[in-house]
Amino acid sequence: MSSVISQLAAAEHLAVVSDFDGTLAGFADDIYAVSAHPDSLRAMERLAAMPSTTVAILSGRHLEGLRRVCPLSEPVIFGGSHGAESSWDDSALTPEMTAHLEAKEAEIRDIMARYPGAEIEIKPFQRVLHLRKLSQSDPEAAATAYEEGLALEPGAFPRTAGKNVVEFSATAATKGSWISTLRERVGATATIFLGDDVTDEDGFSVLNQPPDLGVKVGEGDTQATHRVADTDAVAAFLTELADARAS
């Protein structure tokens with residue numbers, strides 16, 4: 001990995017993009033009770049202060065929720081709702097998008113009524129069925145609720161299955177489209193993207209590896225060419241990258 005990091009650190013303009021949950025931070029039953037790894041935060045802050053270096057956090061969380069748990073600030077760029085929101089732009093829902101979200105929310109709440117412990121997350125462009133808590137108390141019920149969530153009709157809009165979540169979106173934006181826009185905006189000659197979940201594969205898919213680098217966190221099939229074990233390994237990777245870029 002050191003040789004790869006050295007090559008990336010020498011890029012004319014380096015973009016470092018990271019997912020938040022499962023990458024910079026671990027998981028918790030309360031989605032706002034998570035803390036990012038302090039070494040990762042320090043490394044990202046160092047990188048963001050360097051010339052010709054762009055640092056971004058790209059999360060499934062909506063922007064407001066991401067800012068609640070991530071203490072980083074400008075010049076770090078934020079992308080929320082899997083790329084539907086950007087700290088550089090304003091977005092708005094159309095009537096069709098609003099109607100779709102209202103319908104999915106009603107269907108998810110019906111599942112919640114039949115499976116106590118199931119939860120819903122309301123985001124500007126998504127409605128999400130969350131089953132993490134239920135899976136800990138009643139795995140069988142959580143598995144059944146998960147299948148019922150997958151059976152809900154998404155219509156012309158995207159539906160994404162993740163770890164104990166089923167998400168219905170009112171936008172076709174993905175982490176891949178967001179990364180592509182970011183690279184064009186800043187003129188990045190090399191891009192690193194770190195992520196752990198299914199939705200991060202959209203980000204890995206737009207990378208040109210090399211000179212870009214996808215870093216998969218944890219297990220599972222991936223399009224990323226490199227893999228690290230956990231959030232501690234992410235912190236070590238980012239620290240090494242910051243050291244190399246600084247030198």
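In this structure, Arg67 forms a cation-pi arrangement with Phe78, its terminal cationic atom sitting closer than 6.0 Å to the ring centre and no more than 45° off the ring axis. Judged by the 6.0 Å and 45° rule, Arg68 forms a cation-pi pair with Tyr32.
Tracing side-chain contacts under 4.5 Å through hydrophobic residues (I, L, V, M, F, W, Y), one never reaches Tyr115 starting from Val165; they form parts of separate clusters. Both Ile57 and Phe237 sit in one connected hydrophobic cluster of ILVMFWY residues. Membership requires side-chain heavy atoms under 4.5 Å apart, directly or through other members.
Distance check: Asp196 CG to Thr23 OG1 gives 4.0 Å after rounding to the nearest 0.5 Å. Atom CD1 of Ile192 and atom NE2 of His226 lie 10.5 Å apart (nearest 0.5 Å). Going from atom CD1 of Ile120 over to atom CD1 of Ile108 covers 4.5 Å, rounded to the nearest 0.5 Å.
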> Could you go step by step and tell me if Leu182 and Val17 meet the side-chain contact (heavy atoms from CB on, under 4.5 Å) rule?
Replying inline: CA-CA 10 Å; Leu182 174 71; Val17 185; 3.6 Å; yes
>> Apply side-chain hydrogen bond (donor to acceptor under 3.5 Å, both in side chains) to residues Gln223 and Ser205 and explain how you reach the verdict.
In response: CA-CA 6 Å; Gln223 299 174 73; Ser205 71; 4.8 Å; no
>> Using side-chain hydrogen bond (donor to acceptor under 3.5 Å, both in side chains), reason through Ser52 and Glu12 one step at a time and then give a plain yes or no.
In response: CA-CA 7 Å; Ser52 301; Glu12 181 179 350; over 6 Å; no
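In this model, a donor atom of one side chain and an acceptor atom of the other lie less than 3.5 Å apart for Ser2 and Glu240. When only modelled atom types and interatomic distance are considered, His130 and Asn164 share no side-chain donor-acceptor pair under 3.5 Å.
Between the side chain of Arg245 and the backbone N or O of Ala9, at least one donor-acceptor pair lies under 3.5 Å. Here the side chain of Lys123 pairs a donor or acceptor atom with the backbone of Gly60 at under 3.5 angstrom. The main-chain N or O of Leu63 is found under 3.5 Å from a side-chain atom of Glu85 such that the two form a donor-acceptor pair.
The heavy-atom pair separating Pro154 from Arg159 by the smallest distance is CD-NH1, 3.4 Å.
Taking the centre of each ring, Phe157 and Phe168 stay at or above the 6.0 Å mark.
Remark: of the listed residues Gln126, Arg61, His62, Glu167, Glu167 is the sole one forming a side chain to side chain donor-acceptor pair (under 3.5 Å) with His82.
Within the 4.5 Å cutoff, the side chain of Thr53 has no heavy atoms near those of the His13 side chain.
Using the six-membered ring where Trp is involved, Trp178 and Trp88 have ring planes that are parallel, under 30° apart on the 30 and 60° scheme.
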